[in-house]
Structure formats: C-alpha cells, structure tokens
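First, the structure itself, so that you have it in front of you.
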Amino acid sequence: AQSVTQPDIHITVSEGASLELRCNYSYGATPYLFWYVQSPGQGLQLLLKYFSGDTLVQGIKGFEAEFKRSQSSFNLRKPSVHWSDAAEYFCAVGSGSARQLTFGSGTQLTVLP
Amino acid sequence: DAGVTQSPTHLIKTRGQQVTLRCSPISGHKSVSWYQQVLGQGPQFIFQYYEKEERGRGNFPDRFSARQFPNYSSELNVNALLLGDSALYLCASSWGGRDNEQFFGPGTRLTVL
C-alpha cells in the first residue's frame, strides 16, 4: 500500500527566507505526486503536480518541487516566503485507476514578520 | 465559474444518529471523491464515483455509503454515528480521466456529541 511521510509537523520561517518542505512517499509504480495547501476554514488548493517528464515542477504562487526517484522524495520549495504563505501543506500520492489520493499528515507553516 | 460546493457547512449530531452530506461538482466534472479529515491529520480517501458508478472505496466501515446522481452531484451518508466520526468531510471533483487533478470544496464540519 502506498504511504506519504511529511517528517516536519511544524516549520517557522521569516518572511523573505527560503523554504523547503519535505515529503517522502512509498509506492510500487511510478507515482503521481501532488502538493496541496490548506488555509484555515478552506478546502485544499493544488499547488503543483508531477505525472511524468521533467522532474522539476513549477506551480502556482512561486512554488516548485523536485521529484527524486532514488530518494522517493518530492520536496516543495520556495525561494522567498511571503506572510500569506502561512498555512498547512499536504503532500499526496495518487494511485489506482481512480487516482485515489493518499495524503501525508501535513506540515504547518508559520511565517514571522 | 462556481467551484465545488458542499452543504451544510457545519453540522452537529449525537451518537447513533445518521447524517447526509451533499456535494455539487464543478460544471462538466463527472467524478466526485469524498475524504475525511480528522483534526491534525491529512485527508483520508473514503469513496470515488464516476458516471454514477463506485470506482474506489477506502478503508471505512459499512456505516459509510455514498451515491452519485445523474447530474453528477453526490451524497455521503454515515449511519450510527460515533464520536470518532467528528471530522471535516471534503468533496473533490474532477473530469474523471486518469491524468487530472481533483478540485476540493470547502468541506462540511461534522461534530458528533
């Protein structure tokens, strides 16, 4: 069965600093990988996705992620964090014909002024 | 265009009762998925429906059931509510193909007392 691990429960960065959120997955085949963001009281918004091809994926709001098969990782990065980026971030792997999503437990991001 | 809509926004029930949650997908989307998000955890897959047929089912008891209507809207039913069913229930819609993203609604917050 597939699984996703987000080892950092909570990360705090200063506004303008760079950000990297870690994600490791376990899946037998080539994974479909996603990063979602959730603000309080909101649903999930897709930041970016990896299906195949270029392993460096660009997303919305200046985020990018790199798929590394050898490390089973799909880390999310942003060069300069804005206060509005404070939210919870979820990594997910899509599997099965239905592309059912298996989510990690999330990383809560706090941005200091 | 309207996004995924869910009703009600909040719901309070007592143990043993039954609840029905509703979801309207984005216009043109034929697939609806349901996820349960317990506080402090990532969403967990419950069901996916495509063209009114169940395409996938997660590891949830038979107390959970769902259906999709000809207009592609969907209902999630939970019988014999337990305290542990308290969660945010998220609905996601997609076109239904293999390589497509899921768009999430704002969720229904269910509290079981």
Side-chain angles (χ1 to χ4, degrees), chain A residues 1-10 21-27 29-53 57 59-60 65 74 76 87-108, chain B residues 2-7 9-10 21 23-26 29-51 53-60 66 68 74 87-109:
Chain A
Q2 66 275 5
S3 65
V4 175
T5 301
Q6 294 181 248
D8 303 306
I9 298 173
H10 195 177
L21 302 182
R22 296 184 289 165
C23 172
N24 293 97
Y25 68 90
S26 172
Y27 186 62
T30 299
Y32 284 46
L33 295 163
F34 307 82
W35 274 99
Y36 284 87
V37 61
Q38 186 177 39
S39 298
Q42 307 278 328
L44 297 166
Q45 181 183 20
L46 181 69
L47 289 174
L48 49 77
K49 59 189 178 187
Y50 171 78
F51 287 167
S52 64
V57 180
I60 63 171
F74 188 57
L76 182 71
E88 187 145 29
Y89 291 79
F90 292 95
C91 180
V93 60
S95 62
S97 61
R99 289 292 176 258
Q100 305 159 17
L101 297 178
T102 299
F103 287 85
S105 54
T107 298
Q108 182 69 46
Chain B
V4 177
T5 59
Q6 293 185 243
S7 63
T9 305
H10 295 88
L21 311 181
C23 172
S24 292
I26 292 171
H29 284 189
K30 298 181 178 180
S31 178
V32 169
S33 298
W34 287 95
Y35 292 82
Q36 180 196 63
Q37 186 177 19
V38 173
L39 196 62
Q41 298 182 18
Q44 277 197 289
F45 173 76
I46 310 175
F47 287 110
Q48 186 180 59
Y49 277 77
Y50 175 68
E51 290 278 17
E53 297 290 327
E54 182 182 301
R55 182 187 268 185
R57 172 186 287 253
N59 188 24
F60 279 81
Q68 187 177 31
S74 177
L88 180 68
Y89 288 85
L90 295 164
C91 173
S93 78
S94 66
W95 294 105
R98 288 175 64 85
D99 298 340
N100 61 92
E101 70 175 272
Q102 296 184 30
F103 294 82
F104 283 82
T108 293
R109 173 71 62 189

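Naming: A, B, ... by sequence-line order, numbering from 1 per chain.
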Open item on the list: If I compare all heavy atoms of A:Gln100 with all of B:Arg57, which pair ends up nearest, and what's the gap?
Closed with: NE2-N, 4.4 Å

TODO: Give a yes or no on whether A:Ile60 atom CD1 has more than 12 heavy-atom contacts from other residues, nucleotides or ligands under 6.0 Å away.
DONE: yes

Open item on the list: Holding to side chain to side chain donor-acceptor pair (under 3.5 Å), I want the full list of residues that pass it with A:Gln38, two or more places apart in sequence or in another chain.
Closed with: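 Scan of A:Gln38 (side chain to side chain donor-acceptor pair (under 3.5 Å), adjacent residues dropped) gives B:Gln37.
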
Open item on the list: Let me confirm one number: the CG-CZ distance from B:Leu90 to A:Phe103, rounded to the nearest 0.5 Å.
Closed with: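 Here the interatomic distance stands at 8.0 Å.
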
Task: Heavy-atom contact with chain A under 4.5 Å, split by part of B:Tyr50 - done: neither

TODO: Look up atom OH in A:Tyr32 and atom CD in B:Glu101, then write down how far apart they are to the nearest 0.5 Å.
DONE: 14.0 Å

Task: Heavy-atom pair with the smallest gap, counting every atom of B:Pro43 and A:Leu44 - done: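 Looks like CG-CD1, 3.7 Å.
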
Open item on the list: Would the distance check show the side chain of B:Tyr35 and the main-chain N or O of A:Leu101 forming a donor-acceptor pair, the cut-off being under 3.5 Å?
Closed with: yes

